[in-house]
Amino acid sequence: MLDIKLIQNDFDSVCEKLRKKKVSEETIEDLRKISLELKTKRALLEPLQAEQNASSKLFGVWAKEGKDINELKEKLSLNKQKISTLNSEVKEIENALSSLALTVPNLPDDTVPNGVDENDNVEIKRVLTPPSFDFEPKEHWEISQNWIDFQRGVKLSKSRFSVLKNEAAKLERALINYMLDFNTKRGFSEVAVPYIVNRETLQGTGQLPKFEDDLFKIEGEELFLIPTAEVPVTNLFRDEIISESELPIKMTSYTACFRKEAGSAGRDTRGMIRQHQFDKVELVCITKPQDSDKIFDEMVECASDLLTSLGLAHRHLMLCGGDLGFSAAKTVDLEVWFPGQNRYREISSISNTRDFQARRAKIRYKDSKKNRLVHTLNGSSLAVGRTLIAIMENYQKKDGSIEIPEVLKSYM
RNA sequence: GGACAGGUGGGUGAGUUGGCUGAAACCACAUCCCUGCUAAGGAUGCGUACUGGUAACGGUACCGAGGGUUCGAAUCCCUCCCUGUCCGCCA
């Protein structure tokens, strides 16, 4: 959620920044108008309440002293009516304000490049050179090793579900353990969290109220399957005031993730790139505002080094404003080389949301004087399924066999 | 799922014949004083959000959430959520 005061005081610069994210000026103007209206209404209401409080006290005193209270009572009853009317108006405006405010995305950092979609993202650097093959490398679904069973995944559930078998199932498990160990050595402590969460939790990180269609909902309950570990892990500290000495909090968590992929009809229907259920090892950090840039770099480095340790060529992309997610102020994507597809594909996305989620989720820390909003960051390190198929494609041999990367052998 | 008991500030925890309690006490924390060595003692301050004011200092709301009764509710009533204990069920 944006800081309403910022909208009131610095309207033009907020509009300017949100233009990068394709948000219209009218929306911000509405926000500003409603917030001002609320202020005015409250200014009307509060003196009445003050008077009511004072007179009610007097009422008690007079009654005790045996004075005549009939006139006072009449006055108070009348005032009560006025308060009640005004109060419901105020509540209405409050609701309008918060439901609008919750749908406005975060402001992009000044360093975020302009652009409309993924084509305008800016490549920062490449790490490792893609392998060369003396044969035509296959796509992962063409490598017949009896590793991935797409048909039976569909039979059990529906399209975009699959089953891992034999070495693949083992490799998936090895990757999860390897990634968690790798991240732990970098100072991220491991947490295991629920895969089913409530509305407040999803609102805290920004998935709700706007993106309910992307989530799997549990029928008959106000509960949802998590689309990423970012949701439960960040919300661990929702409605909490953290003491300054505990920061930064650096966590890593393995979870399954569930997404409806509602907006992705027809995209990546082949293979395991885009599934309704996938495994991911996530990094989440809670920091003081002044530390979040440094921690962001650490997270990018962690995920990138993890890929390097697996021998996977990849590149760093700075997302442009138009491709930035709802909650993110800045995002770096890591794309890994897929020889079969002959292109780089996203395997990790690291974002600094600054105080956007912290304001929604009321995550604060106590610095010696005041309570301040923290900064929250999240990033994949890494998407496990995509890492698995990246290994398949990059480590395939002419005879169709797949080599296991050196660092994983002890995990198999 | 059933029965009973509860949900108060960063924490523990008073306050339930409605008014003088936004909330005692203790702990934690901050500043200062004393003392001087692996510690202790004393003083003061200290809930959150919004809002008026240059400031001093005020106002409003908040005692799990939402409604209700009342001139007035942490205190009474209703609904929901959560926690504990016992029972039932079960990896």
Side-chain angles (χ1 to χ4, degrees), chain A residues 1-9 31-102 192-204 208-209 217-218 220-224 232 235-247 249 256 286 288 355-356 358-374:
Chain A
M1 199 159 67
L2 298 182
D3 185 358
I4 299 291
K5 277 184 189 154
L6 192 67
I7 293 171
Q8 288 172 350
N9 300 333
L31 260 184
R32 195 175 70 100
K33 271 206 305 234
I34 297 173
S35 70
L36 257 32
E37 196 183 337
L38 181 59
K39 207 169 161 176
T40 316
K41 255 321 184 233
R42 277 208 182 119
L44 248 45
L45 172 65
E46 286 180 5
L48 285 177
Q49 287 176 320
E51 195 192 325
Q52 191 78 345
N53 288 342
S55 302
S56 291
K57 254 177 200 169
L58 199 62
F59 186 101
V61 176
W62 283 13
K64 208 176 228 172
E65 289 171 356
K67 289 190 183 167
D68 179 23
I69 49 173
N70 285 329
E71 199 180 325
L72 186 60
K73 187 168 183 170
E74 207 170 299
K75 190 184 110 191
L76 282 165
S77 296
L78 207 69
N79 206 17
K80 190 183 174 183
Q81 300 289 313
K82 284 193 223 163
I83 287 173
S84 155
T85 313
L86 264 174
N87 208 351
S88 49
E89 285 174 26
V90 164
K91 287 227 165 103
E92 219 169 281
I93 301 171
E94 274 172 354
N95 289 337
L97 182 64
S98 74
S99 55
L100 183 59
L102 286 171
V193 292
Y195 294 2
I196 297 176
V197 296
N198 59 31
R199 274 185 188 280
E200 292 72 44
T201 298
L202 285 154
Q203 186 174 292
L208 289 182
K217 185 164 192 264
I218 311 286
E221 308 259 5
E222 286 304 298
L223 295 170
F224 301 82
N235 275 281
L236 246 21
F237 296 92
R238 174 156 55 82
D239 291 318
E240 292 195 20
I241 297 172
I242 304 164
S243 78
E244 189 173 14
S245 59
E246 288 175 66
L247 298 175
I249 297 170
I286 311 234
K288 290 189 251 181
D355 62 9
F356 185 82
R359 185 172 293 105
R360 291 177 156 247
K362 296 195 180 62
I363 308 174
R364 292 166 296 178
Y365 74 100
K366 203 173 207 99
D367 100 8
S368 58
K369 308 198 71 155
K370 287 184 73 174
N371 294 331
R372 300 184 194 282
L373 294 170
V374 298

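Numbered from 1 within each chain, the chains take letters A, B, ... in sequence-line order. Quantities reported herein were computed from a predicted structural model and do not represent experimental measurements.
- Of the candidate nucleotides U48(B), G52(B), C71(B), U48(B) has the atom nearest to the side chain of Asn371(A).
- Straight-line distance from the CG atom of Asp3(A) to the C1' atom of C50(B): 13 Å, rounded to whole Å.
- If you take CH2 of Trp62(A) and C1' of C20(B), they are 18 Å apart, rounded to a whole angstrom.
- Atom CG in Asn95(A) sits about 11 Å away from atom P in G66(B), given to the nearest Å.
- Atoms CG and CG, from Leu202(A) and Asn235(A) in turn, are 7.5 Å apart once rounded to the nearest 0.5 Å.
- Within the structure, every side-chain polar atom (N or O) of Lys57(A) is placed at least 4.0 Å from both OP1 and OP2 of G19(B).
- A3(B) is paired with U85(B) under the criterion used here, namely a Watson-Crick or G-U wobble arrangement in which both key atom distances are under 3.5 Å.
- Nucleotide C63(B) forms a pair with no other nucleotide shown, judged by Watson-Crick or G-U wobble geometry with both contacts under 3.5 Å.
- Within a 6.0 Å radius of CD in Glu94(A), more than 12 heavy atoms belonging to other residues, nucleotides or ligands are found.
- The distance between atom CD1 of Ile4(A) and atom P of U51(B), rounded to the nearest whole Å, is 11 Å.
- Between Met1(A) and Arg360(A), the closest heavy-atom pair is N-CG, 3.2 Å.
- A close approach under 4.0 Å does occur between a side-chain nitrogen or oxygen of Lys5(A) and OP1 or OP2 of U51(B).
- One C1' atom belongs to G13(B), the other to C63(B), and the distance between them is 13 Å to the nearest Å.
- Across C50(B) and U35(B), the matching C1' atoms stand 46 Å from one another, rounded to whole Å.
- Contact annotation for Lys39(A): backbone-only contact, meaning every heavy-atom pair under 4.0 Å involves sugar-phosphate atoms and none involves a base.
- Of the listed nucleotides (G72(B), U51(B), C50(B)), C50(B) has the atom at the smallest distance from the side chain of Arg42(A).
- Between Leu247(A) and Ile286(A) the shortest heavy-atom distance is CD2-O, 3.6 Å.
- Each of Leu72(A) and Gln49(A) lies near RNA chain B, and the nucleotide nearest Gln49(A) is the one positioned closer to the 5' end.
- Judged by Watson-Crick or G-U wobble contacts below 3.5 Å, the nucleotide U17(B) has no partner.
- Rounded to an integer number of Å, the gap from CZ of Arg364(A) to P of C29(B) is 20 Å.
- Using N1 to N3 plus N6-O4 or O6-N4 for Watson-Crick, or N1-O2 and O6-N3 for G-U wobble, each under 3.5 Å, A43(B) pairs with U31(B).
- Searching all strands for a Watson-Crick or G-U wobble partner of A73(B) with both distances below 3.5 Å returns nothing.
- Proximity note for Asn53(A) (side chain, C-beta onward) versus A61(B), G52(B), C50(B): the nearest is A61(B).
- For Leu76(A), counting side-chain heavy atoms from C-beta on, the closest listed nucleotide (A61(B), C71(B), C50(B)) is C71(B).
- The minimum heavy-atom distance linking Pro232(A) with Val197(A) is given by the pair CB-CG1, 4.2 Å.
- One can place CG of Asn198(A) at 13 Å from P of C81(B), the figure rounded to the nearest angstrom.
- Remark: the separation of the C1' atoms in U51(B) and G42(B) is 39 Å, to the nearest Å.
- The side chain of Ser56(A) lies closest to G72(B) when the candidates are G72(B), A49(B), C50(B).
- When distances run from any side-chain atom of Gln52(A) to the nucleotides G59(B), G10(B), C71(B), the shortest one goes to C71(B).
- Nucleotide G36(B) forms no Watson-Crick or G-U wobble pair with any nucleotide shown, as no partner meets the under 3.5 Å limit on both distances.
- G15(B) and C20(B) have their C1' atoms separated by 14 Å, given to the nearest Å.
- Side-chain atoms of Lys91(A) lie closest to G67(B) of the nucleotides G10(B), C71(B), G67(B).
- Of all nucleotides present, none satisfies the Watson-Crick or G-U wobble test against G9(B) with each distance under 3.5 Å.
- Lys362(A) places its NZ atom 11 Å from the P atom of A49(B), with the value rounded to the nearest Å.
- The line from CZ of Arg238(A) to NZ of Lys362(A) is 9.5 Å long, rounded to the nearest 0.5 Å.
- Put simply, Lys73(A) has no side-chain N or O that comes within less than 4.0 Å of OP1 or OP2 on G72(B).
- U48(B) and U70(B) are spaced 27 Å apart, taking the C1' atom of each and rounding to whole Å.
- Summarising the base pairing, C57(B) is matched to G52(B) through a Watson-Crick or G-U wobble pair whose two defining distances lie under 3.5 Å.
- Here the P atom of nucleotide C62(B) and the CD atom of Glu46(A) are 11 Å apart, to the nearest Å.
- Donor-acceptor pairing under 3.5 Å is lacking for the side chains of Ser84(A) and Asn87(A).
- Across the C1' atoms, G22(B) and C62(B) are found 9 Å apart, a figure rounded to whole Å.
- Separation of the P atoms belonging to C27(B) and U44(B) is 14 Å when rounded to the nearest angstrom.
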